[in-house]
Protein chains: 2
Amino acid sequence: MNAQVETPDQQLRARARRVIPGGMFGHMRSEGLPAGYPQFFARGEGCHLWDVDGRRYVDFMCSWGPIVVGHQHPVVTEAVQRQMAAGDCLNGPSERMVELAERLVGLIPHADWALFAKNGTDATTTCVTLARAATGRRKILVAKGAYHGAVPWCSPYPLGVTAEDRAHLITFTYNDAASLEAAVEATGQDLAGIVVSAFRHDYGFDQELPDPVFARRARELCDAAGAALILDDVRAGFRLTLRGSWDLVGVQPDLSAWSKAIANGYALAAVTGNDRFRDAASRIFVTGSFWCGAVSMAAALATIDVLEAVDGPAHMRAMGQRLRDGIAAQAVAAGIGVRQSGPPQMPTLLFDDDPEGAKGDRFTVEALRRGVYLHPRHNMFLSAAHTEADIDFALDATREALAALAAA
Amino acid sequence: MNAQVETPDQQLRARARRVIPGGMFGHMRSEGLPAGYPQFFARGEGCHLWDVDGRRYVDFMCSWGPIVVGHQHPVVTEAVQRQMAAGDCLNGPSERMVELAERLVGLIPHADWALFAKNGTDATTTCVTLARAATGRRKILVAKGAYHGAVPWCSPYPLGVTAEDRAHLITFTYNDAASLEAAVEATGQDLAGIVVSAFRHDYGFDQELPDPVFARRARELCDAAGAALILDDVRAGFRLTLRGSWDLVGVQPDLSAWSKAIANGYALAAVTGNDRFRDAASRIFVTGSFWCGAVSMAAALATIDVLEAVDGPAHMRAMGQRLRDGIAAQAVAAGIGVRQSGPPQMPTLLFDDDPEGAKGDRFTVEALRRGVYLHPRHNMFLSAAHTEADIDFALDATREALAALAAA
């Protein structure tokens, strides 16, 4: 009898199944990915990632967004080490909080103030609370299928959620101004705010950039009603621009929710807002044990420094475009229909005639075997650490993966 | 004309008022403290804290709970540095998550599994969602005045919160079994869970340890209804015992929420649960961008090592008792009536005949001037870094502070 030799990843999965529900939870549960994807990771450096089995990948998930200038970036690490040697979690904030708030107010056109939290969901939930506190109204408009967090009011899988948790939500269709108008109409006089994602980045669908007509209409409707236009920039913030993603369509929100990339993987979230919402922001009670942590704020300041120094959004756009153009040519050559959508910094790749996602699964597993970590259905992420050589390495893998798909 | 020389703390407050709502938000806003308390902090080491004006304090707030073995503890720092050099926020969890879940399951009698988050509020909210998911019911019982977080379902200052956010909450009085029975009765057949704090640690009140009769009745009522007994151990966890705070009264919950002290100030929260809730825990969707962060889990493993090696809870109890006994004797000598309540590791000190808190304010400000950071109304926190010499230093300050109060 041959003993089946288990890899470290398999061994960890077996141990995890005993002490972690389902072996893992949330968006990083590998169950949602095809067989062959690792569950456990050991190391990151630049745009490279190593799993616990020692396999190295050029990574296009960037930890699902947070890693924006690359793992172990020396400028970020130096700032973090300096702050850690002083203190992180103290009896109140450090000077870093003021510096970071000043920096965000200086960067982001709509921002007159900032406050800080830990999760993207903290930031989106705070925006909703703020909109209600400032307006004295209750209705919140959200786009159908949009992700704004994993708590009862917005969880995409509402098991354990009550009907009352969503009693004041009304949905519209992203980029459909008429549906937004109808949703506003449905609120009566009770509109507190409209929540919009930076672009339409729903899981498993082609991405859509915001239509400027839609964006301007959202702004007008909020102004007419005295309601809050809330930009959920958690996923896209700092990748498309440092100024807030709707700056690209010339529309400023009242409130923005930030997290993921703002501190290059250190746990941080932020809400920025304008002066109309300053008073309410000073009166609501939102807090957390670690929200004053100075290290993640030092990391954010350093991350902004690096992104500005290298023009991170432009670099990520160029690298994403290089990847996109390469794959497009390869797909034509292989005779395979692909759809690439979303901003180049956050690409989504879906296959034609692939209702079950089998082609996407096969393609990404073939790339994975060749050292390139892609996602078959979710939008991916470039970082400022990706070089032309990394993209070309990835394109060698995608060429072979497409060939394998064509041969199948 | 004398130019008014501003201290660094005053300068930062002025800058903060421009870019942070109200100058600061949440429980660390110094507005809740008497004049003289600093808002901004520079450094921590052991049980000592330095504000931005360079004043050093023996600290009895421990960052409002998280610092449990002392700032910059070498064992924690070493574990953190080792993990940081490998990776923190990757495309999935590291081995540290499995190790920590195994460690918690080994330590905590009721725990068959663990999952991880960032805020204490994440953990309490997940417990409520889990109770509803597992039972298919909606009603959640909470003690009047208890703090379980700062999101709409439980915020103590519900500005921006809708009635529906609390539609399925029913209150009882902590330690009052009859009121708990009445609240269960009021749920009809719709009881999902009962949330209890480790002890009654409401802001501004004398603390109460859990009455074992009340605790056992809570257990029986949950068993009879097939509901979840949820222990909110966010504030007390790891200070009274490493086994879960209600182990001290011989009652095991179904679910526990942990955060604050479990990683000595690194942002981490956990939910532990028993096998009855494992399936539901594997089906609910709870997640966050940084919830797999390996550094905070490495910190938690090291924190547990230190707490076990030095018997942290016993040490904190002894130091807290030394402080309490000393202050009690000083108060008698000064002819001032004080009430000291709560477990010695988490002491609360209130003054007789002090309805407005003026005596508490005066006392703590006098202690602050003498290098001892106390809180006039909230429970305080000992750490394993407090030595007899630190307590005696504090007692010199409290003696003088009481004398100042007696002279006033």
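Just so you know, these numbers come straight off a predicted model, no measurement behind them. Every chain is numbered from 1, with letters handed out A, B, ... down the list of sequences. Note: hydrogens, waters and symmetry copies are ignored here, and every other heavy atom, side chains too, is used.
- Remark: the backbone N or O of Pro38(A) is not paired with any side-chain donor or acceptor of Asp51(A) at under 3.5 angstrom.
- Interface check for chain A: of the options Trp153(B), Tyr37(B), Phe116(B), the most heavy-atom pairs under 4.5 Å are formed by Phe116(B).
- Chain B forms the most heavy-atom pairs under 4.5 Å with one residue out of Gln83(A), Glu95(A), Glu45(A), and that residue is Glu95(A).
- Among Arg96(B), Arg166(B), Gln81(B), Arg137(B), the residue making the largest number of heavy-atom pairs under 4.5 Å with chain A is Gln81(B).
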Is there a side chain to side chain contact (heavy atoms under 4.5 Å, CB included) between Phe381(A) and Arg235(A)? Walk through the geometry before answering.
CA-CA 10 Å; Phe381(A) 299 88; Arg235(A) 200 183 298 180; 3.7 Å; yes

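- For chain A, the nearby part of Leu268(B) is the backbone; its heavy atoms alone come within less than 4.5 Å.
- For residues 16-31 of chain B, there are no salt bridge (charged side-chain N to carboxylate O under 4.0 Å, His left out) pairs, not counting sequence neighbours.
- Of all residues spanning residues 271-282 of chain B, those with a heavy atom less than 4.5 Å away from chain A's heavy atoms are Arg278(B), Ala281(B), Ser282(B), arranged by number.
- Chosen from Ala16(A), Ala114(A), Ser30(A), Gly44(A), the residue pairing most often with chain B at heavy-atom distances under 4.5 Å is Ala114(A).
- A donor-acceptor pair under 3.5 Å is absent between the side-chain atoms of Asp59(B) and the main chain of His48(B), judged by distance alone.
- For chain A, no part of Ala134(B) is nearby; none of its heavy atoms comes within less than 4.5 Å.
- By the 4.5 Å heavy-atom criterion applied to side chains, Leu100(A) and Met297(A) are counted as neighbours.
- Comparing Gly136(A), Gly26(A), Ala86(A) by how many heavy-atom pairs each has under 4.5 Å with chain B, the most go to Ala86(A).
- In this structure, chain A has a heavy atom under 4.5 Å from the side chain of Leu49(B), while its backbone stays farther away.
- Considering only heavy-atom pairs separated by less than 4.5 Å from chain A, the leading option among Tyr57(B), Tyr373(B), Trp64(B) is Tyr373(B).
- Residues that satisfy the salt bridge (Lys or Arg N to Asp or Glu O under 4.0 Å) test with Asp9(A), not counting sequence neighbours, are Arg13(A).
- For Pro93(B), the parts sitting under 4.5 Å from any heavy atom of chain A are the backbone and the side chain alike.
- The part of Ile67(A) that comes within reach of chain B is its side chain, from C-beta onward, which places non-hydrogen atoms under 4.5 angstrom from that chain.
- Annotation: ring pair (Phe, Tyr, Trp, His ring centres under 6.0 Å) contacts of Phe60(B) (sequence neighbours excluded): His386(B).
- Only the side chain of Ser155(A) comes within less than 4.5 Å of a heavy atom in chain B; its backbone stays farther off.
- None of Ser383(A), Ser63(A), Cys62(A) except one satisfies the side-chain contact (heavy atoms from CB on, under 4.5 Å) rule with His71(A); the exception is Ser63(A).
- Both the backbone and the side chain of Ser94(B) come within contact range of chain A, each with at least one heavy atom under 4.5 Å from a heavy atom of that chain.
- Contact annotation: the side chain of Asn91(B) never approaches that of Met28(A) to less than 4.5 Å [non-hydrogen atoms, C-beta and beyond].
- Contact check for Thr162(B) versus Asp165(B): side-chain heavy atoms found under the 4.5 Å cut-off.
- In terms of non-hydrogen atom pairs under 4.5 Å with chain B, the most contact-rich of Asp122(A), Leu159(A), Leu90(A), Val128(A) is Leu90(A).
- For Val295(A), no part lies near chain B; criterion is any non-hydrogen pair under 4.5 Å.
- Interface summary for chain B: among Phe285(A), Trp113(A), Tyr266(A), the most heavy-atom pairs under 4.5 angstrom belong to Phe285(A).
- The closest side-chain heavy-atom distance from Leu169(A) to Lys139(A) is not below 4.5 Å.
- Using a 3.5 Å distance cut-off with no hydrogens or angles, the side chains of His27(B) and Thr287(A) do pair a donor with an acceptor.
- Of the listed residues (Ala267(B), Ala101(B), Ala167(B), Gly87(B)), the one with the most heavy-atom contacts under 4.5 Å to chain A is Ala267(B).
- Under the 3.5 Å distance criterion, with hydrogens and angles disregarded, a donor-acceptor pair is assigned to the side chains of Trp291(B) and Asn119(A).
- A heavy-atom distance below 4.5 Å is not found between the side chains of Met24(B) and Phe40(B).
- Contact annotation for Asp112(A): only backbone heavy atoms (N, CA, C, O) come within less than 4.5 Å of a heavy atom of chain B.
- Between chain A and the residues Arg138(B), Met97(B), Glu99(B), the largest count of heavy-atom pairs under 4.5 Å involves Met97(B).
- Between Ile108(A) and Trp258(A) the shortest side-chain heavy-atom distance falls below 4.5 Å.
- With chain A as the partner, the residue from Gln39(B), Met61(B), Glu102(B) showing the most heavy-atom pairs under 4.5 Å is Glu102(B).
- With a 4.5 angstrom heavy-atom cutoff, Phe290(A) touches chain B only via side-chain atoms.
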Given Met380(A) and Leu374(A), is the side chain to side chain contact (heavy atoms under 4.5 Å, CB included) satisfied, shown in steps?
CA-CA 7 Å; Met380(A) 296 177 276; Leu374(A) 303 170; 3.7 Å; yes

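- Between chain B and the options Thr135(A), Val105(A), Val52(A), Leu115(A), heavy-atom pairs under 4.5 Å are most frequent for Leu115(A).
- Residue Ala294(A): no heavy atom, backbone or side chain, is found under 4.5 Å from chain B.
- At a cut-off of 3.5 Å, with distance as the only test, no side-chain donor of Ser259(B) or Lys118(B) sits close to an acceptor on the other residue.
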